[in-house]
Amino acid sequence: MDSESLLLSLELAAGSGQGLSPERRAALLTSLQLVKRDYRYDRVLFWGRILGIVADYYIAQGLSEDQLAPRKTLYSLNCMEWSLLPPATEEMAAQMAVVKGRFMGDPSHEYEHTEFQKMPAEGEKTFEDDVVVQVKEETRLVSVIDQIDKAVAVIPRGALFKTPFGPVHVNRTFEGLSLSEARKLSSYFHFRDPVGLKNKTLLEKADLDPSLDFLDSLEHDIPKGSWSVQMERGNSLVVLRSLLWPGLTFFHTPRTRNHGYIYVGTGEKNMDLPFML
Amino acid sequence: MEYSSTLEQEKENQQLGEAVQPWQEETAASPQDLGPESSGPWEAEWTPDPGPLPRSSLAQTLESGGRVAEQAASSSPTSPQRPLPALARQDIGAPRQLNGVTRGTLDAGTPLSDPPGESADARVSAPPSQSRQDTTPPTQQPNSSSNPSNPKELRPGSVQEEDWSSRQNRAQSGPRASEAAPSTLEIAVQNAKVYLLRDSSKTGLNLYDHLSNMLTKILDERPENAVDILENISQDVKMAHFSKKLDTLQNENEMLPTYEIAERQKALFLQGHLEGADQEMEDEIAENSLPNIMESTFYFEQAGVGLGTDETYRIFLALKQLTDTHPVQRCRFWGKILGLEVNYLVAEVDLREGEDEEEVEEEDVAEAEERDTGDSEADKDEEGELPKPFYKPPQAIPKEESRTGANKYVYFVCNEPGRPWVKLPSVTPAQIVTARKIKKFFTGQLDAPIISYPPFPGNESNYLRAQIARISAGTHVSPLGFYQFGEEEGEEEEEVDSGRDSCEENPDFEGIQVLDLVESLSNWVHHVQHILPQGRCTWFNPIPRNEEEEEDEEEKGEEPDYIEQEVGPPLLTPISEDLEIQNIPAWTTRLSSSLIPQYATAVLQSNVWPGAYAFSTGNLSSAVQWSWRAKLPGIRVATRATSQNSDVSLHHSP
């Protein structure tokens, strides 16, 4: 959620039950302004909170002018002092695949994972080395945030538009989705580089508007039904909750410019999703 | 020759699209009588030229901006080609509905229909001083005059078309008349126009197009007091860019649900204004069956848990409505469970003594079920030829009495504050046992079936009730000493078998320091009975029936001789005894604020049931504890270690 409209966004996203305490909220309002100034970001988003056993991580992201450019991620334990996280790489994702369970809350905590590496020997497993791989929690944090962003970061259709030169900008004339559109999953896009657009048939592409429909829509997500769309307060607030990464809430007030998403959760993917639907 | 020269100028000004129309309009108006209104010397150039020429000139004017275009009327042979590239260029930009439509028609080969729309808009945007009002009356006159001349090209019923056609008539005469080199005024106007047509770096729109669209819209719709709603019109035009052009149907009842729920919630707020309000107020204050939710909400907010103050207040009122409509002795807001379509708000209620009609009905149902199974077995016997199955289904373990064990409280749910509360049925042990094995999301409809393996005996309301029972048993905790066992239940010998099943508040509780609460988990105890693997809180021994048949069964050797009694942790065990899951403790403690510890609250989060919170302030005056169940749709990792087998069974249960 944008740091500019933090209070309103927190209020709108409160339906999921998790939010921020007044202390943290006040701290965020001040510190995000400083972050914006120091790092010279165009927009600072408060991404959310990852619950750990000992402490929680508060995550913020800074965006430059081009909305789809790789974002800088910062984390903090007390909403005041922010540290920049390294960008996510494929290696990290591979390492993280073996680490399961909750976050500890201590960025220097190391997960130990023993890997069996069988050295080629004559028949017997004599040269079986137990290689203890140590993975730092910070790396895990980076890769989890990256995965969540790639999987479930949401933006409504029309909020961004693509210029012919390439960069993607915030659409200043976006006045919100209409009520009938707000209920359909096809009006929401993934806030990341599109993956499935090239696979669309020409017929489908003919209906698309190249300046607006340049991202993947949510309606083709697998498994189907991994998003829960709810209207709260009658029809005046649309809330999308992801079931794949439980804790991600996207909210939007139709006919207004308010929209945003926040993740408050344990940072674990729900692998049982197909069985739970 | 003039025309050829102007042609070249035209080529130079190719980006200035439909800007010609305004000029044409003005010039159309001006040449004849409106000398003072003329916007400049160039207008003198424009003279109406009836006949086929206007069409081509118009087409050309489309592509080139400014007064120069009219002069290109002579280049009729080349004109048909020009509009198309110009139009193509225009279309590349931000989609413009109106222009697109008009251009579409233009492409169809009738160049005339396009300008009218734009001309109307562009009228105002023309830098020259001509005012709208000035141009409107004059253009009316040319309309009538030009009508007979160009009947075909006009779109029926469009004023602008008439203007335009009249304009083009004028336009033709214009170029011939003008010969003068561009004066400073012309240049100024041209510069101004270039500025207007400059594309915005952020959005790709330009002011000229936007203004022309706006004016077209205004002229099409002719709203009242247009000048007052000008900004809204501007916003609507911008918004219209981004909507698909497909749907022209509009939903009328889109806002109905909002109003509905608002009406219901208004009723909540007004429920206090009944007859005899004074009397009732005294009664209410005396009885006080409602807890102070706002106070608890404040403490939970310190922990970062909460639904928002407004929502909580509405829930408060909804609970009050519950106490008014049902005979409730004590009620509590248990929490919120998220569902796929709708959410559940759950209230834990202690009904007053004597409200037992519901249980009687359910007992009848249970007896009927047993009878049914008896009948089916009889049927099997009658068939005779089929081998008689030796298998006897294990006797259904009866559910606990109301007000005891897992059915100690009655739970009501509603979807949103303002909607009626629905009572959940009591829970049976079989449901709890199955609920432990499955993990399912709640849809939000109470009568939705639960399709799972092992099959769940019941629908969503039963499943919800079973989960509520499990969560209450697992996560309702309080500081040590807040509850104590009653004096009456003193017999220690029976404790092993039945276990104490109730506790009451300790009036002498003095509170525990917040720091102590945070540091050590043994300062917190469960105050709800643990549910045994059997699915009940108190052990039900199915043996007595089997003892009589023991001799027969020993021969068959199918059933065990003795079923071990299941024993669970007794009431008021400290939560430090809770087993770990995946090497993390079952509970996490936090101080709500590290900056101001003297007023902080101790907060407990459950790692077994994510979303369960308990807090306590160590005040001497009031040690409040609350367990809040704001849940994600069904993600639970639950472990129950029974005394029989001490290994931790880790299974995901919804």
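The sequence lines fix the lettering, A, B, ..., with proteins before strands; numbering per chain opens at 1. Because the structure is predicted, anything quoted here is derived from the model rather than measured.
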Sequence-distant partners of B:Asp236, side-chain hydrogen bond (donor to acceptor under 3.5 Å, both in side chains), two or more places apart: none

Closest approach of B:Asn343 to A:Glu232 (non-hydrogen atoms, all atoms of both residues): ND2-OE2, 4.2 Å

Intermediate values then yes/no, side chain to side chain contact (heavy atoms under 4.5 Å, CB included), B:Gln235 and A:Glu175: CA-CA 8 Å; B:Gln235 269 185 358; A:Glu175 288 298 330; 3.9 Å; yes

Spatial distance of atom NZ (B:Lys439) from atom CG (A:Asn270) [nearest 0.5 Å]: 5.5 Å

Interface moiety of B:Thr309 toward chain A, non-hydrogen atoms closer than 4.5 Å: backbone

Interface moiety of A:Asp56 toward chain B, non-hydrogen atoms closer than 4.5 Å: both

Residue pair A:Arg25, B:Glu301: steps toward the side chain to side chain contact (heavy atoms under 4.5 Å, CB included) verdict: CA-CA 11 Å; A:Arg25 237 192 328 219; B:Glu301 209 186 320; 3.3 Å; yes

Proximal component of A:Ala55, with respect to chain B [non-hydrogen, under 4.5 Å]: backbone

Non-hydrogen side-chain atoms of B:Glu311 and A:Glu11 separated by less than 4.5 Å: no

Separation between CD1 of A:Ile53 and OG1 of B:Thr589, rounded to the nearest 0.5 Å: 11.0 Å

A:Ser226 side, atom OG; B:Phe441 side, atom CZ - distance, nearest 0.5 Å: 9.5 Å

A:Glu81 atom CD, neighbour heavy-atom count above 12 within 6.0 Å: no

Exceeds 12 heavy-atom contacts within 6.0 angstrom, atom CZ of A:Phe214: yes

Expected output: side-chain A:Gln230 to main-chain B:Gly339 donor-acceptor under 3.5 Å: yes

Partners meeting ring-ring contact (aromatic ring centres under 6.0 Å, His included) with A:Phe46 (sequence neighbours left out): none

Student check: side-chain heavy atoms of B:Leu340 and A:Trp227 closer than 4.5 Å: no

